Number of protein chains: 2
Amino acid sequence: MSKLRIGQVAQAAGVNIETIRFYERCGLLADPGRSESGYRAYPPETVGRVRFIKRAQQLGFTLREIGGLLALRIDETATCEQVRAQAEAKLAEIDAKIADLRRIRAALAALAAACVNDGPTSECPLLDAMEREFE
Amino acid sequence: MSKLRIGQVAQAAGVNIETIRFYERCGLLADPGRSESGYRAYPPETVGRVRFIKRAQQLGFTLREIGGLLALRIDETATCEQVRAQAEAKLAEIDAKIADLRRIRAALAALAAACVNDGPTSECPLLDAMEREFE
DNA sequence: CTTGACTCTGTACTAAACTGCAGGGTTTAT
DNA sequence: ATAAACCCTGCAGTTTAGTACAGAGTCAAG
């Protein structure tokens, strides 16, 4: 019910005010409507959406891709069939990312576990192995 | 043994030649040494390293962070103790990313599975649920 | 022995994603 | 009723991560 002003949204989501306006310009956030005095008046869910955008970004999705994800639930003209196709393409992408992260994770875990002596790093050849993973 | 020239490295790693030189300027790739005529002469492992950088980037690490990862195995003065501490910090970060990806994955999978009718997207409330996950 | 494909340095340009004003109006606490 | 703390638009500046020349040298094939 009670709408939020832009500063409240920004603080709650942990971003700069300008970032909120920037996302609106990019189409990632819909026009929130205005109060009588012309201030943007946001529904509380906006905070969750901004946080979602930030998280997805930290996972390597561009704003354009995130826009694609969000559009899945906005486009009234898309059929579920189209949405499912898009969602499945994204799923494959996400699975690849998870697999890559696990490889890096395994290499780092091995590194951390194997470095028990007090010698210099050059005696820890595990990151070399990690790099070879990607050849 | 047989060294590679910059164009061969770029092609093998699937990046632009300028990107290789850019990574060298940023300290992500060491000075490879030169042939008699002044051409950069790379050891073959360079290809793996460039691919590693690209993959890590697609997972949301900045070049600065990737430099930190790579430095783990280069800094001769660091003790294994320090390396382990850094590696473990990175591990936590990677685990958080994997967890986030899995949440997005689950939401998308549910979306794809549930959209079996031919109605419009607005009847698929699953991405709303995904957003609420991040509140 | 020249043509085409490659490399060099240096500088400048681009795109994405913000971030920060300037110059104005609004709201709220004292 | 006035200062502090908000908000508005519009536009310019910044950072990150490349990309693209220009002008010059190198090398291999025909």
Side-chain angles (χ1 to χ4, degrees), chain A residues 2-44 46-47 49-71 93 97 134, chain B residues 2-44 46-47 49-71 93:
Chain A
S2 70
K3 301 280 187 167
L4 302 177
R5 291 192 307 188
I6 193 167
Q8 298 173 296
V9 173
Q11 181 161 31
V15 302
N16 193 305
I17 285 181
E18 312 290 343
T19 303
I20 307 284
R21 287 198 271 252
F22 174 70
Y23 286 168
E24 185 180 324
R25 280 202 299 286
C26 295
L28 291 171
L29 295 174
D31 183 341
R34 303 299 174 114
S35 71
E36 280 165 33
S37 53
Y39 287 10
R40 287 172 181 81
Y42 291 95
T46 309
V47 176
R49 172 173 285 218
V50 173
R51 286 216 263 251
F52 171 74
I53 294 168
K54 276 287 151 197
R55 289 280 189 86
Q57 241 187 332
Q58 281 158 18
L59 297 169
F61 295 99
T62 64
L63 291 189
R64 181 178 295 271
E65 289 170 327
I66 295 166
L69 282 173
L70 291 171
E93 218 178 283
K97 282 184 192 240
F134 290 97
Chain B
S2 69
K3 302 280 187 168
L4 302 178
R5 291 192 306 187
I6 194 166
Q8 298 174 295
V9 173
Q11 182 161 32
V15 301
N16 192 304
I17 285 181
E18 313 289 344
T19 303
I20 307 284
R21 289 197 270 253
F22 175 70
Y23 287 169
E24 185 181 324
R25 281 202 300 285
C26 295
L28 291 171
L29 295 174
D31 183 342
R34 302 297 175 117
S35 71
E36 280 166 33
S37 53
Y39 288 8
R40 288 173 181 79
Y42 292 95
T46 309
V47 176
R49 171 171 286 219
V50 174
R51 288 216 262 250
F52 172 73
I53 294 168
K54 277 285 151 199
R55 288 281 188 87
Q57 241 187 333
Q58 282 159 17
L59 297 169
F61 294 99
T62 64
L63 291 189
R64 180 179 295 273
E65 289 170 328
I66 295 165
L69 282 173
L70 291 170
E93 217 178 285

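Chain letters run A, B, ... following the sequence lines, proteins first, then strands; residues in each count from 1. In this text the structure is predicted, and so the values were computed from the model without any measurement.
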* Asked: Can you find a pair of side-chain heavy atoms, one from A:Leu63 and one from A:Tyr23, that are under 4.5 Å apart?
  -> yes

* Test: B:Arg21 and B:Glu18 ion pair at under 4.0 Å -> yes

* **DNA chain C contacts made by residues 12-21 of chain B, counting heavy atoms under 4.0 Å** => B:Ile17, B:Arg21

* Taking OP1 and OP2 of D:dG18, is either one under 4.0 Å from a side-chain nitrogen or oxygen of B:Tyr23? -> yes

* To do: Measure the shortest side-chain to side-chain distance between A:Phe61 and A:Glu93 over non-hydrogen atoms and say whether it is less than 4.5 angstrom.
  => yes

* To the nearest angstrom, how far is A:Arg64 atom CZ from C:dA17 atom P? -> 8 Å

* Would you check if the side chain of A:Gln58 reaches a backbone N or O of A:Arg55 as a donor-acceptor pair within less than 3.5 Å? => no

* Asked: Taking the side chain of A:Arg5 as heavy atoms from C-beta outward, which of D:dC6, C:dA16, D:dG18 is closest to it?
  -> D:dC6

* Residue-phosphate contact under 4.0 Å: A:Gln57 side-chain N/O, C:dC18 OP1/OP2 -> yes

* To do: Starting from P on C:dT19, measure out to CD1 on A:Ile6 and report it in whole angstrom.
  => 13 Å

* **Distance, rounded to the nearest Å, where B:Phe22 contributes CZ and C:dA12 contributes C1'** => 14 Å

* Structure fact -> Numerically ordered, the residues 32-42 of chain A set in heavy-atom contact under 4.0 Å with DNA chain C is A:Ser37, A:Tyr39

* **Interatomic distance, B:Lys3 NZ vs C:dT7 P [rounded to whole Å]** => 16 Å

* Structure fact -> In whole angstroms, the gap separating C1' of C:dA16 from CZ of A:Phe61 amounts to 17 Å

* May I ask you to check if B:Lys3 and B:Tyr39 form a cation-pi contact, with NZ or CZ under 6.0 angstrom from the six-membered ring centre and within 45° of the axis? => no

* **Close side-chain approach of B:Arg40 and B:Arg34, heavy atoms under 4.5 Å** => yes

* Quick one: which of D:dA17, D:dT19, C:dA17 gets closest to the side chain of B:Arg25? -> D:dT19

* Asked: Within a radius of less than 6.0 Å around CZ of B:Arg64, do more than 12 heavy atoms belonging to other residues, nucleotides or ligands occur?
  -> no

* To do: Round to the nearest Å and state the distance from B:Glu24 atom CD to C:dT7 atom P.
  => 14 Å

* **Residue pair A:Val50 / A:Val9: nearest heavy atoms and the distance that separates them** => CG2-CG1, 4.5 Å

* To do: Send over the distance from A:Leu4 CG to C:dT27 P, rounded to a whole Å.
  => 17 Å

* Asked: Sub-3.5 Å donor-acceptor pair from the side chain of B:Glu65 to the main-chain atoms of B:Thr62, do we have one?
  -> yes

* Any A:Lys54 side-chain nitrogen or oxygen under 4.0 Å from OP1 or OP2 of C:dC18 -> yes

